[in-house]
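The next block holds one structure in the form of structure tokens; read it before the comments.
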Amino acid sequence: MGRLWILSCGFYLTQLLPISPVHISFVIVFSFIFIGFLKERKALVDRSFLLLSSISFVALFLCFNSPAPIALNLIVSILSFFIVGVLFKRRSIGAFFVLVVFFSYSLLFNIDALWRIIHPELYDLEKLESLGVGFQVYKANSFMYTDSNYVGIESLAFLSVFIYLFRNAELNGYLFLFYVFVFLMLTLSLLLTFSRSAYFGCLLLFFVCSFMNGKRNAYLLLFFSPLICWLSFEFVSELLSNDVSFSSKFHIIELTFDYIERSSWFEFFFGVGLGNAVNAIGIGSHNILITFLIETGVVGFVFFVSINVFLMFKLKSDFLIIALPFMISSLSLGSTAIPYYFSLVSICILHRSGFLVVTGLNSSVVKNT
């Protein structure tokens, strides 16, 4: 069941199917876990069950006045910690299976990219070109999400964890070739999202890797130095330009402060409901922190920030590789439907603590400090 979940925790097909594979998998896996607790008659005393009950209560509380599909995505995301903890703690998985997981997602992301490139959204082409953002025509029509920016931050999350897990691995033969191929596929999929926030996250990831241990990081940085220089130039150019997309991010912050001043005490503490930020400030919130602040209030905002502070303490310096690039990119476009992020981070915590062993790496990635 653990393998099923990790293979599907980020498998969204929102534009093709009414129910994505991640939701079907969640029902199957969660039912399996719940039935297992009942059979062992530990449901009322097991610490994991008590943790599940607490998390479920908080998740449901944050979904006040929210559409059912969006509420479900948040609940699935938060419970991902619990699912991975139960299914992978004191377990072992093979390096080949881990590579298969990352390959599967890289294939999904690249197929989505191919579909978007073949089917560009040309309706506002002239207007977008006049604003200097003509590349936007290749960001719509994603079959995973409404916008390829979401694909970009998901691809970044998988790339970050992939680099972390294999940074000291001593792979030989076909495993090494498989590793190189998957790495190139993940990087390509990120580039084809045309998401500048994902590009910046990738730049930050490579920059951090260059200053941390890992025998491949120096070679990785050297190999991708032209890409990093290009991304740096693009980002600085964006800062100095009158890019409407970039400027709107600051406008959203101004609108958020205006909303806080006029919001009722109930909205301030408990939010306006998931997916309702556009009704509160007149535009999509984009920034993941602003999204939680407006849609779930101070309570949800503190809850989300607390989770990430907890991750910082558990991962220590590894947080800079595993989670920081994703969080920084999510400040440009964030979502509450991120079970893949919580699942991957939970895998890394277990691996770092020695509760999950990845066999076949021939390395000492696990840290107990």
| request: With sequence neighbours excluded, give me every ring-ring contact (aromatic ring centres under 6.0 Å, His included) pair touching residues 313-338. | output: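 Those involving residues 313-338 are Phe326-Tyr341.
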| request: Kindly write out the residues that satisfy ring pair (Phe, Tyr, Trp, His ring centres under 6.0 Å) with Phe304, not counting sequence neighbours, or none if the list is empty. | output: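 Phe304 satisfies ring pair (Phe, Tyr, Trp, His ring centres under 6.0 Å) with Phe292 only.
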With sequence neighbours excluded, tell me which residues meet side chain to side chain donor-acceptor pair (under 3.5 Å) with [X].
X	result
Tyr145	Glu154
Ser80	none
Asp258	none

Please tabulate, for side-chain N and O atoms in residues 269-284, each donor-acceptor pair with protein atoms closer than 3.5 Å (sequence neighbours left out).
residue, atom, partner, partner atom, Å
Asn276, ND2, Asn65, O, 3.2
Asn276, ND2, Val272, O, 2.8

Looking at residues at least two apart in the chain, or sitting in another chain, which of them share a side chain to side chain contact (heavy atoms under 4.5 Å, CB included) with [X]?
X	answer
Phe88	Ile6, Val84, Ile93, Ile347, Leu350, Leu356
Ser306	Val302
Pro67	Pro69, Ile70

For residues 21-30, which side-chain N or O atoms pair as donor and acceptor with protein atoms under 3.5 Å away, sequence neighbours left out?
residue, atom, partner, partner atom, Å
His23, ND1, Ser20, N, 3.4
His23, NE2, Asn73, OD1, 2.7
Ser25, OG, Ser8, OG, 2.7

| said: Running the 4.5 Å side-chain criterion over Ile, Leu, Val, Met, Phe, Trp and Tyr, what cluster does Leu114 land in, apart from itself? | reply: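 Direct or chained contacts put Leu114 with Ile118.
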| Any pair counted as side-chain hydrogen bond (donor to acceptor under 3.5 Å, both in side chains), so long as it reaches residues 92-110, sequence neighbours left out |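 Those involving residues 92-110 do not exist here.
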